[in-house]
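Here the structure is laid out as structure tokens; the discussion comes afterwards.
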Amino acid sequence: MNRAARSLTTLVALAPLGGCAALKLGVMNAAGPVAQAQWDLYTTVAIVLIFVGGPVLVLVPIIAWHYRRANTESAFRPDWNFAWPLELLIWIPPTAIVVGLGIVLWQSAHRLDPYRAIALSRSPVIVQAVALDWKWLFIYPDAHIATINRLPVPAGHPVRIELTSGTVMQSLLVPQLAGQVYAMAGMRTQLNFAASRPGVYRGENTQYNGEGFARQKFDVVALPPADYQRWVRRMQHQARPFDAAAYAALFERATIPAPVMYSAVPDGLFGRIVDRSRLPAAQAQR
Amino acid sequence: MTGAALLGRLGWQSLAFVRAWQDPSLNTLIAAGAAALVVIGAVAVVALITLRGQWRRLWREWFTSLDHKKIGIMYVALSFVMLARALAEAVLMRLQQATAINAPGVVDAEHFAQLFSTHGTIMIFFMAMPFLTGLINYVLPLQIGARDVSFPLLNAISLWLTAAAAGLMMASLVVGRFSTGGWSGYPPFTETGFSPGVGPDYWIWAVTLGSIGSTLTGLNFATTIYKKRCTGMTVMRMPLFVWTSLCTSILMIFSMPALTVATALLALDRYLGFHFFTNALGGNMMNYANLFWLFGHPEVYVLILPAFGIYSEVVSTFSTKELYGYASLAIATIAIAVLSFTVWVHHFFTMGQSANINAVFGIATMAIGVPTGVKIYNWIWTMFRGEVRFTVPLLYALAFMMTFVLGGLTGIILAFPPLDYLVHNTLFLVAHFHNMLIPGLLYGLLAGYHYWFPKAFGFRLDERWGRVSFACWVVGFYLAFMPLYVLGAAGMARRSSEVLEPAFRPWLLVAGAGALVLAAALAALFVQLWVSVRHRRANVVPAGDPWDGRALEWSVSAPPPEYNFAVLPHVAGRDPFHDAKRKGTAYAEPVRYAPIEMPRNSAVGPILGALGGWAAFALVWQIWWLAAATVIGMIATVIARSFVRDVERTIPAETVARIERDWHETLARSAPTTRDFETTAINRGLAQVLA
Amino acid sequence: MSDPNRGRAAEIATYGIGYGAALALTALAFGLVSWAPFAASTTVRIVLGLGLVQIVVQFRCFLHITLRKSARHDLQLILFSALIIGLMVSGTLVVLLNLHHRMM
Amino acid sequence: MSAGDAMHPGLNLGQTDAETHARAGHDLFGFWIFLMSDAVLFALLFATYGVMLRGTAGGPGPADVYKLLTAFVETVVLLTSSFTFGMASISLKHARGIAPITAWLGVTLALGLAFLAMEYNDLATMVGDGAVPARSGFLSSFHALISLHGLHVLAGCLWIVVMLVQLCVFGRDGRVKINMLRLGLFWHFLDIVWVAIFSVVFLQGLAR
Ligand code: HEA
Ligand code: HEA
Ligand code: CUA
Ligand SMILES: [Cu+2]
């Protein structure tokens, strides 16, 4: 146990050497209401769990050491094997804790259901995300633009992502903003979140899908709403139009070096990709 | 195209060596090196056996044996071999992640994917399962006072099917490539459309063979426990290890079919173009996740329960005290087993089902914490008012209790759907399950290995090297896996062959160092074995009871005679041997010895294993003639065996008498040891009993 | 050796009764579907109920699972299996139909 | 466990020695466990079938491919075979020679093969009409479920043949008896699975 403590100390000692930077990328540096609620829940649960695990961590070394063979002071009762008070102590409090946590769990599961819209006064942004090999396509159906591997959103507005996959099952995670949900071919799932302050947040696919998996990252760029509007307009005018070649390129199994933007995205592109997967295997799977 | 008919998809390109020759890179060279290791290892073993002229003896005394003790040992030996490979892969993975931070690293992405797929598959199916099956095999009949398991031949068949499956895993290193779909093999990624090669097929058939073996094993153990307990051993007098073995067997019986269905349907998709899990034409990949975890969750309790049983035995023995709260331990075990069928959805909280469903399964998951905690507290109360001896097995038990709790608590965090959304598929999850599997399962198996080794081989393992190894396991574990919690919470996805985030580097370096310490731990374990074998004369315990044991397995010689008990025991309490020693009735010699019937050796096990392995290989490479021939061969073997009537062999009373008298003479010659000297050469396996 | 007051005739009768009952239940179920006197959903429910009854009958008459003490291990086993199968099948249907609902 | 106690389900051993009785109690329990494990296999295929019912992908659905009459005839044939197997078990217990046993077993075998032939014919017709398993998820699950049951029946038939041979070679020795009892459990169990199949698959699919 000593050793364990020592190795933990090593870790703590190493942390200043840059370890803390990692933490900034995660939920503990939440940048939106969903992640914030998740982080609050996390800390609540963790505190309760300290009280659950604590007794074991304390009792095991103390009892083992106190009742060591060499200690002739300690009582030795080799036939003692039961006591109702102890029995009740080990069944009832944990059960009570689980009941308590269960209530928290039930409520939080409903409150943080990814399908649940974020209650903010501003209007929601709708984005359609398509998981591809090995990139993400984000369609902004209202603005008729699309991006690959970059997801600009207006800070302070709720974002509602509808997901599908143009290939295998994948999972979209933005740790600082929201948890993940799977994207599956032929199906639509949903993820709601909001960024409460401008910034750049790392997003990724967490479900292994082949060689390019580790590079399938993207940035969620939360812009001040006015900047966002400007960006949208700029894209509508300057970005490359989404044509047949662009559509075909989506399904090539490749990573892309830098984000790509498209304008003139046709209506119903997302629906087309959802339906595409229901075609016979030979056409859909390549 | 006669070549295709004859050899299916097999070609020169399939060989790892050829690939390395044509395209020599670090990556292909590592692959070829691994393949070479397998080939050289196999050749060396064969050569060694041949040179020493041991084939006949091996075949007669081991391969065809139906003795549960030998089968148990062979299982553990198998797990050893597989473990060495899986550990090497683990270290390679950790090195890759520590070096591939905005850099190419050691292996390429595809190779890395094979590494985690084979590592996970091997650790679960071909390290953990054979190891615990081996231990149960060895100990169970001894503990319930039986001469063998219910179906000895079936037992051998299970072993050889498992071995064949493990062989297939090894073959995949040399011929072809393994799956890149992880140990869970999720389609549609593993469908032909996305993984056209042989990889997923290797995975499918290895796992299927293994799971058939495990189902049969579960059936065998459950029947044994139900029907073969000795007189007086009521259900509430069974040693706790027997209880956990029973629950594990029940879990195997009912959960393995789910895996078989999942892999079989995937095979139908891949081979015959069915549409169970495809994207197109009405396939439903979500059902695969559902089926796989219907198996997968109970499976993790299959793994942990026997370890719990081992801890119960070890804590009680080395606290010199009766187990506290037997009934509640038994009830907790049953509760865990039953509850484990009600929580599988927690592995895919993120698939998109409603909050109601997630909440119900989340709460059910947390509920398992209660009986688990009860067990831990029972062990603590067992040490309470005892006399605790810090031998290696007990050290493992202590480290287990302190570390497992942490993993259990992170499990509770994962059970909260909103928190799982954040850390699912990240290194947080990887840290959770290694935190359960290493301090829980592995320490348990190691504790059991140290505890029962003297029983099986007649000499103790070296204590000093045991402690070194233990220290490395603990330090290595914390170093290798605690950083992963941080990385996971920071969003680092599991199964990443490359890292684009320099901020992760310090943690990855620590984890990499930890993996090296773990490798040292394993090395220390091998050194310990070597040292112990060399010094075995000093450490022999022929009397059979080196630890002042409590259950029946300690009441016979070490190693035990083939028939286990010359006279089947009668028991009247929970710790029968412990009580007998106190009452002075232990080691009583019967008035006379009777002849004993034991099953005759049979070649059916190895034959079915070999045919099964070749059938699987043929299916992987689509060599249809071979597949058909081997399957027909298997059916024919079974039918032929049903015509064999001469399946029993009688050990004459005189032989029994001679063996038993020898042992009693040894007993008479041995000086009783007090517990203070149990880890020294004085210990000859006879415990001094203070009435 | 076996139960003394259950002779050969009684055994044949058990199989006979089982066979008769099974035939009747089968015929009833097929009849209901063939002539469709009820709405489809009602029919399905009745058919599934009849199937269950028939399974119990066959367990009783062909497999001799009874409540007697001698068959208790087996009965326990079968009931436990029924529990697990119920959990697995109902869980699968509930979860996957819910998923279907939320995604398609 | 006294011999009288060991009145195992299907265990009608008559005037056998106590040893075989005890062995049978033991061996049959193991076989029951196997059957239950097998039952889980079938149950999960049923669940999969339920999940995939809607996955017709524009191809034929249940009502288009199932036929009530043949399903009924198949059911009656299989049920009858269960009854004739029961008669074989009774002869095993009471009859003197092996002739009645082999006769009843022969009838059972014939019924089993007839069932298989009908089923094969059904599936062949479906395949001929384009209702192949590769057409849709629904058809995949249907074919898998039915074929698995069919394979079990086929295995049962093979087992009957083996038992017929063993009866001739060994007469009614202990192991033959125990194997007959196992086979009995297997055969009756398949019948029960079929009840589930015709209720859940055929009748549910055809209910209007
Ligand atoms: C029992 C299961 C088990 C065990 C013991 C281990 C042990 C280890 N595992 Fe892991 N691992 C898995 C099961 C296990 N693992 C699974 C299921 C996966 C997921 C695969 C997937 O993604 O699909 C995984 C994945 C996994 C990854 C991939 C993570 C990712 O996805 O990014 C990594 C990375 O480094 C890793 C590391 C390690 C290390 C360093 C060890 C070891 O170094 C720890 C030390 C262990 C040993 C040295 C072996 C055991 C030793 C003995 C049994 C003693 C021998 C006995 C005698 C000599 C008597 N494991
Ligand atoms: C031996 C193996 C083992 C064991 C025992 C466990 C035990 C538990 N596991 Fe773990 N788990 C795995 C192996 C194991 N797990 C593996 C291999 C995976 C991932 C596979 C993959 O994806 O590749 C996984 C994944 C996994 C997930 C899915 C995460 C995801 O995919 O996103 C979840 C979620 O709920 C979970 C939860 C739990 C819980 C709650 C327990 C509980 O049983 C823990 C109970 C223990 C305690 C709680 C501590 C002690 C108790 C007390 C001190 C008493 C008081 C307690 C309370 C009041 C709560 N596990
Ligand atoms: Cu995923 Cu429907
Ligand atoms: Cu689980």
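For clarity, every value in this text was computed on a predicted model and none was experimentally measured. Each chain gets a letter, A, B and so on, in the order its sequence line appears, and its residues count up from 1.
Annotation: maximal heavy-atom pairing with chain A below 4.5 Å, among B/A415, B/G386, B/S497, occurs at B/G386. Chain B forms more heavy-atom pairs under 4.5 Å with one residue of A/W80, A/Y115, A/F213 than with any other, namely A/W80. Counting heavy-atom pairs under 4.5 Å between each of A/T72, A/L101, A/L57, A/L105 and chain B puts A/L105 at the top. Ranking A/Q190, A/E211, A/H110 against chain B, the residue ahead of the rest is A/H110, based on heavy-atom pairs under 4.5 Å. Comparing B/P418, B/A493, B/G352 by heavy-atom pairs within less than 4.5 Å of chain A, the highest count is held by B/P418. For the options B/R675, B/K321, B/R495, B/R385, heavy-atom pairs under 4.5 Å to chain A are most numerous at B/R385. For the options A/Q38, A/K217, A/M28, heavy-atom pairs under 4.5 Å to chain B are most numerous at A/Q38. Counting heavy-atom pairs under 4.5 Å between each of B/V360, B/L500, B/L409, B/V405 and chain A puts B/L409 at the top. When each of A/V99, A/L86, A/V27, A/D113 is scored by its heavy-atom pairs under 4.5 Å with chain B, the top score falls to A/L86.
Using a cutoff of 4.0 Å between basic side-chain nitrogens and carboxylate oxygens, A/R215 and B/E498 are scored as salt-bridged. For the pair A/R202 and B/E501, the salt-bridge criterion is met [side-chain N within less than 4.0 Å of a carboxylate O]. A salt bridge does not link B/D579 to B/R574: none of the charged nitrogens lies less than 4.0 Å from a carboxylate oxygen.
Heavy atoms of B/N356 lying under 4.5 Å from chain A belong to its backbone as well as its side chain. Using a 4.5 Å cut-off between heavy atoms, B/F428 touches chain A through its side chain atoms alone. Neither the backbone nor the side chain of B/R505 comes within less than 4.5 Å of any heavy atom of chain A. For chain A, the nearby part of B/F116 is the side chain; its heavy atoms alone come within less than 4.5 Å. Contact of B/V315 with chain A is not made at all, since no heavy-atom distance falls under 4.5 Å. Interface remark: B/L394 contributes no atoms to any contact with chain A (heavy atom separation under 4.5 Å). With a 4.5 angstrom heavy-atom cutoff, B/F390 touches chain A only via side-chain atoms. Contact of B/D420 with chain A is made through the backbone alone, with heavy-atom distances under 4.5 Å.
Considering all non-hydrogen atoms of both residues, B/Y324 and B/N378 come closest at CD2-OD1, 2.9 Å. Of all non-hydrogen atoms in B/L323 and A/N81, the two that sit nearest each other are O-CB, 3.5 Å. When all heavy atoms of B/P439 and B/F404 are compared, the pair lying nearest together is CB-N, 4.3 Å.
For residues 44-54 of chain A, the interface with chain B (any heavy-atom pair closer than 4.5 Å) comprises A/V45, A/L49, A/V52, A/G53, sorted by residue number.
For the 3.5 Å distance criterion, the side chains of B/T320 and A/R69 fail to qualify, holding no donor opposite an acceptor. Between the side chains of A/T189 and A/Y182, no donor N or O sits under 3.5 Å from an acceptor N or O. If you check the side chains of A/E87 and B/S328, you find a donor sitting under 3.5 Å from an acceptor.
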Could you list the donor-acceptor pairs under 3.5 angstrom formed between side-chain atoms of residues 167-181 of chain A and any protein atom two or more places apart in sequence or on another chain?
{"unit_1": "A/T167", "atom_1": "OG1", "unit_2": "A/D133", "atom_2": "OD2", "d": "2.8"}
{"unit_1": "A/Q170", "atom_1": "OE1", "unit_2": "A/N205", "atom_2": "ND2", "d": "3.4"}
{"unit_1": "A/Q170", "atom_1": "OE1", "unit_2": "A/Q216", "atom_2": "NE2", "d": "2.7"}
{"unit_1": "A/Q170", "atom_1": "NE2", "unit_2": "A/L132", "atom_2": "O", "d": "3.1"}
{"unit_1": "A/S171", "atom_1": "OG", "unit_2": "A/Q180", "atom_2": "OE1", "d": "3.0"}
{"unit_1": "A/Q176", "atom_1": "NE2", "unit_2": "A/K24", "atom_2": "O", "d": "3.4"}
{"unit_1": "A/Q176", "atom_1": "NE2", "unit_2": "A/N29", "atom_2": "O", "d": "3.0"}
{"unit_1": "A/Q180", "atom_1": "OE1", "unit_2": "A/T206", "atom_2": "OG1", "d": "2.6"}
{"unit_1": "A/Q180", "atom_1": "NE2", "unit_2": "B/Y421", "atom_2": "O", "d": "3.0"}
{"unit_1": "A/Q180", "atom_1": "NE2", "unit_2": "B/H424", "atom_2": "O", "d": "2.6"}

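Between A/Y42 and A/W39, a ring centre-to-centre spacing shorter than 6.0 Å is recorded.
A donor-acceptor pair under 3.5 Å is formed between the side chain of A/N71 and the backbone N or O of A/H66.
The aromatic rings of B/Y288 and B/Y186 lie perpendicular to each other, with more than 60° between the two planes, well past the 30° mark.
The side-chain tip of A/R276 points at the ring of A/F251 from less than 6.0 angstrom away and within 45° of straight on.
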